[in-house]
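Given the structure is predicted, the values throughout are model-derived calculations rather than measurements.
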Amino acid sequence: MAKVRISGSEALLRSLINEGVDTIFGYPGGSIMPVFDALYDHRDDFRGVLVRHEQGAVHAAQGYARSSGRVGVSIVTSGPGATNTLTGISDAMLDSTPVVVIAGQVSTGVLGTDAFQEIDFVGITQPITKWSYQIRRPEDIAWAVARAFYIASTGRPGPVVLDFNKDAQVALFDYEPESVDNVRSYIPYPTPSLEAVEEAARLVNESERPFLLVGQGVELGEAHEELKAFIEKADIPAARTLMGLSALPTDHPLCVGMLGMHGNYGPNVNTNECDLLIAVGMRFSDRVTGKLSTYAKQARIIHIDIDHAEINKNVTVDVPIVGDCKEVLPMLTALVNKASHKEWIDSFARYNAIEHEKVTVKALNPGEGPLLMGEVARKVSEATGNSAILVTDVGQNQMMSARYFKYTKPHSILTSGGLGTMGYGLPAAIGAKIAMSDRTVCLFTGDGGMQMNIQELGTIMEQGTAVKIILLNNNYLGNVRQWQELFFNHRYSWTPMLNPDYGLIAQGYGIPSRLVIERSELDDAIREMLETSGPFLLHVAVKEEANVMPMTPPGASVNEMIFE
């Protein structure tokens with residue numbers, strides 16, 4: 001392609017087009033104004049989404065990326081515009097979400113002088129990104145953008161930051177598009193060790209009580225079918241982490257539930273009963289392992305992960321396999337024997353029957369009294385044919401909706417797992433709906449998280465984004481209140497919430513809403529929400545002092561779950 005003389009801002013946009021970008025979430029300002037001026041001439045090339053806060057821009061880009069598998073893009077200005085993105089960037093790093101954040105920066109001639117809205121954005125973001133780079137020369141734009149997208153989207157995905165100096169935005173130069181398919185010393189897809197795979201297959205074939213843990217890596221690697229082929233041949237029960245819930249359908253006969261602090265009883269207990277633990281695309285988070293000194297000490301452990309840094313980081317394993325699970329799982333499947341572990345698999349059902357009697361029945365069919373979060377989540381899931389994308393905020397609303405939603409399609413849960421970011425849900429749901437317009441997107445949020453980025457209702461109003469918002473209002477910061485009840489002698493310090501009239505707020509943004517207090521109204525309200533063509537706020541008053549159970553108390557072993 002022949003070179004063409006254009007500005008740095010125009011070069012940035014052409015480079016984004018070259019990467020297949022069709023949507024940009026952003027907020028303009030002084031140091032990035034030339035780019036937004038250039039965007040005026042590219043209104044047919046990009047869907048521009050003006051958010052109401054830069055944190056919302058990154059969370060929306062995350063929702064776009066996590067639901068579609070493509071890289072999400074945010075463009076903001078320097079100074080506070082840049083620093084407002086830090087929570088979203090950190091969230092994307094911990095949850096392996098591919099986003100590229102482009103921030104304006106002061107001109108190179110005044111760098112280091114504390115110029116207006118100058119901040120060392122590269123220095124700040126280096127610890128929380130896969131790569132952070134300052135573009136000082138227009139000649140570096142095409143290379144930097146191509147490299148950014150390659151790094152963000154390959155291997156273990158993650159966030160990349162481009163800090164774009166203003167003089168590079170306005171300078172004219174001879175532009176030529178570039179592509180990047182290799183970065184020195186960066187090996188995104190390591191070659192799995194055949195010896196390790198063979199050793200893992202031997203352990204699987206010798207095992208009487210194998211147990212597989214499904215992490216988000218299965219979703220990121222698009223290894224859904226490979227996972228099913230492996231567990232079905234070897235007859236291995238599988239439980240999913242919070243981030244990996246939709247990697248295996250809820251109704252798959254070998255799916256035995258959710259792992260973790262608020263996971264299902266059977267998977268947690270049998271973690272300390274299995275003789276072989278196989279972890280696929282998960283990082284042994286403390287929320288999954290509980291007390292490390294007692295975690296699966298009786299089992300041999302196989303860990304399959306694309307990121308070498310996760311191997312032996314928290315849990316020492318017997319057979320590490322560093323590689324893409326989409327490649328590793330078929331290698332294992334070819335080597336394992338057709339097996340049957342019926343008695344072992346039935347043990348999960350026996351434990352989960354205890355949970356069903358002590359927790360689930362009461363959560364889904366309370367009969368009388370205030371509405372409960374669990375019954376709302378299950379009814380919404382079933383009303384969508386169990387095919388919606390669930391987006392959660394953080395807290396009790398997150399745990400209850402994740403537990404009681406059902407998953408039939410991949411990429412159907414978007415939640416802040418590693419950072420636990422309140423305020424994630426609303427902008428992430430916007431990004432998810434924009435990316436996946438043909439799917440129903442249901443956001444479950446609490447009265448605390450809802451108010452952290454409530455300004456993004458303005459983005460919904462402007463974009464007409466048909467997000468279905470289910471606000472579970474218990475007038476508390478519910479998760480903190482639960483811990484205060486259980487571990488701080490009912491001392492509810494700073495957790496009761498005096499809430500606004502959410503219906504009036506929604507009305508101000510032109511969003512229809514409905515308040516539900518009585519159980520008899522719930523089914524009709526859910527129907528109204530789903531039949532409404534655009535956005536909708538379903539405001540549900542739920543029991544104030546209800547707890548998410550079962551629960552592994554902090555510092556306890558995974559098999560020491562409590563039910564009340």
Side-chain angles (χ1 to χ4, degrees), residues 1-51 54 56-58 60-62 64-65 68 70-78 81-82 85 88-89 98-108 121-122 131-153 159-181 431 434-435 459 462-463:
M1 182 179 291
K3 294 182 179 180
V4 57
R5 193 161 186 80
I6 56 175
S7 71
S9 295
E10 177 68 19
L12 173 73
L13 300 183
R14 293 195 187 190
S15 297
L16 294 178
I17 292 171
N18 197 47
E19 296 296 332
V21 175
D22 60 10
T23 303
I24 296 171
F25 304 91
Y27 205 96
S31 291
I32 197 68
M33 203 172 294
V35 170
F36 279 87
D37 181 67
L39 274 167
Y40 192 84
D41 295 324
H42 285 275
R43 286 165 289 177
D44 294 335
D45 296 316
F46 302 103
R47 177 172 183 175
V49 181
L50 173 64
V51 297
E54 291 88 354
V58 185
Q62 287 181 274
Y64 179 96
S68 68
R70 303 173 66 191
V71 177
V73 177
S74 303
I75 302 181
V76 300
T77 194
S78 64
T85 67
I89 294 170
V99 295
V100 172
V101 177
I102 302 165
Q105 183 56 279
V106 299
S107 295
T108 54
F121 196 45
V122 169
W131 186 52
S132 188
Y133 181 76
Q134 187 174 82
I135 302 174
R136 298 188 179 189
R137 304 185 320 134
E139 291 81 6
D140 295 333
I141 292 169
W143 167 85
V145 171
R147 183 182 172 108
F149 276 77
Y150 176 71
I151 292 173
S153 63
V160 169
V161 158
L162 294 177
D163 197 34
F164 197 9
N165 291 95
K166 193 170 185 179
D167 51 329
Q169 297 174 38
V170 299
L172 297 176
F173 76 112
D174 294 329
Y175 168 78
E176 185 175 17
E178 291 191 33
S179 61
V180 169
D181 58 10
I434 287 174
T459 307
E462 184 168 300
Q463 297 291 324

Enquirer: The test is side chain to side chain contact (heavy atoms under 4.5 Å, CB included); show your working for Gln105 and Arg136 and say whether it passes.
Expert: CA-CA 9 Å; Gln105 183 56 279; Arg136 298 188 179 189; over 6 Å; no

Enquirer: Walk me through whether Ile141 and Ser15 qualify under side chain to side chain contact (heavy atoms under 4.5 Å, CB included).
Expert: CA-CA 8 Å; Ile141 292 169; Ser15 297; 4.2 Å; yes

Enquirer: Between Ser7 and Leu172, what is the shortest heavy-atom contact and its length?
Expert: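 Minimum heavy-atom separation between Ser7 and Leu172: N-CD2, 3.6 Å.
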
Enquirer: Is there side-chain contact between Gln169 and Leu12, with heavy atoms separated by less than 4.5 Å?
Expert: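 Gln169 does not reach Leu12 side chain to side chain.
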
Enquirer: Distance alone, cut at 3.5 Å: any donor-acceptor contact between the side chains of Thr108 and Asn165?
Expert: no

Enquirer: Show the numbers, then the answer: is there a side chain to side chain contact (heavy atoms under 4.5 Å, CB included) between Leu16 and Phe149?
Expert: CA-CA 9 Å; Leu16 294 178; Phe149 276 77; 3.7 Å; yes

Enquirer: Could you measure the distance from the OG atom of Ser153 to the CZ atom of Arg70? Nearest 0.5 Å is fine.
Expert: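 So the gap between those two atoms works out to 11.5 Å.
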
Enquirer: Students often mix this up, so state it plainly: with edges at 30° and 60°, are the rings of Trp131 and Tyr133 parallel, tilted or perpendicular?
Expert: parallel

Enquirer: Could you pull out the closest heavy-atom pair between Ile24 and Leu39, with the gap in Å?
Expert: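 For Ile24 versus Leu39, the nearest heavy atoms are CD1-CD2, 4.0 Å.
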
Enquirer: State, to 0.1 Å, how close Glu178 and Asn18 come at their nearest heavy-atom pair, and which atoms those are.
Expert: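 Between these two residues, the closest heavy atoms are O-ND2, 3.4 Å.
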
Enquirer: Could you give me the CA-CA distance, side-chain angles and deciding distance for Ile17 and Phe46, then say whether side chain to side chain contact (heavy atoms under 4.5 Å, CB included) is met?
Expert: CA-CA 8 Å; Ile17 292 171; Phe46 302 103; 3.4 Å; yes

Enquirer: When rounded to the nearest 0.5 angstrom, what distance separates CZ in Phe164 from OG in Ser31?
Expert: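 That separation rounds to 12.0 Å.
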
Enquirer: Is a donor on one side and an acceptor on the other found under 3.5 Å between the side chain of Tyr150 and the backbone of Asp181?
Expert: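 Indeed, once roles are kept as given, a pair shorter than 3.5 Å links the two residues.
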
Enquirer: Can you name the closest pair of heavy atoms from Val122 and Ser132 and give their distance?
Expert: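 Between these two residues, the closest heavy atoms are CA-OG, 3.5 Å.
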
Enquirer: Answer yes or no: is there a donor N or O on one side and an acceptor on the other, between the side chain of Arg14 and the main chain of Ile6, under 3.5 Å?
Expert: no

Enquirer: Between atom CG of Leu162 and atom CD1 of Ile135, what is the distance when rounded to the nearest 0.5 Å?
Expert: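 Answer for the CG-CD1 pair, Leu162 versus Ile135, is 4.5 Å.
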
Enquirer: Please name the pair of heavy atoms, one in Thr77 and one in Gly30, separated by the smallest distance, quoted to 0.1 Å.
Expert: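 Nearest pair, atom of Thr77 first, then Gly30: OG1-N, 3.6 Å.
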
Enquirer: Do Arg43's NZ or CZ and the ring of Tyr40 fall within the cation-pi criteria of under 6.0 Å and 45°?
Expert: yes

Enquirer: How about Thr85 and Ser74: do any of their side-chain heavy atoms sit closer than 4.5 Å?
Expert: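 A side-chain contact under 4.5 Å is absent here.
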
Enquirer: If every non-hydrogen atom of Tyr175 is compared with every non-hydrogen atom of Ala142, which pair is closest and at what distance?
Expert: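 That closest heavy-atom pairing would be CE1-CB, 3.8 Å.
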
Enquirer: To the nearest 0.5 Å, tell me how far Glu54 CD sits from Phe25 CZ.
Expert: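 One finds 15.0 Å between CD of Glu54 and CZ of Phe25.
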
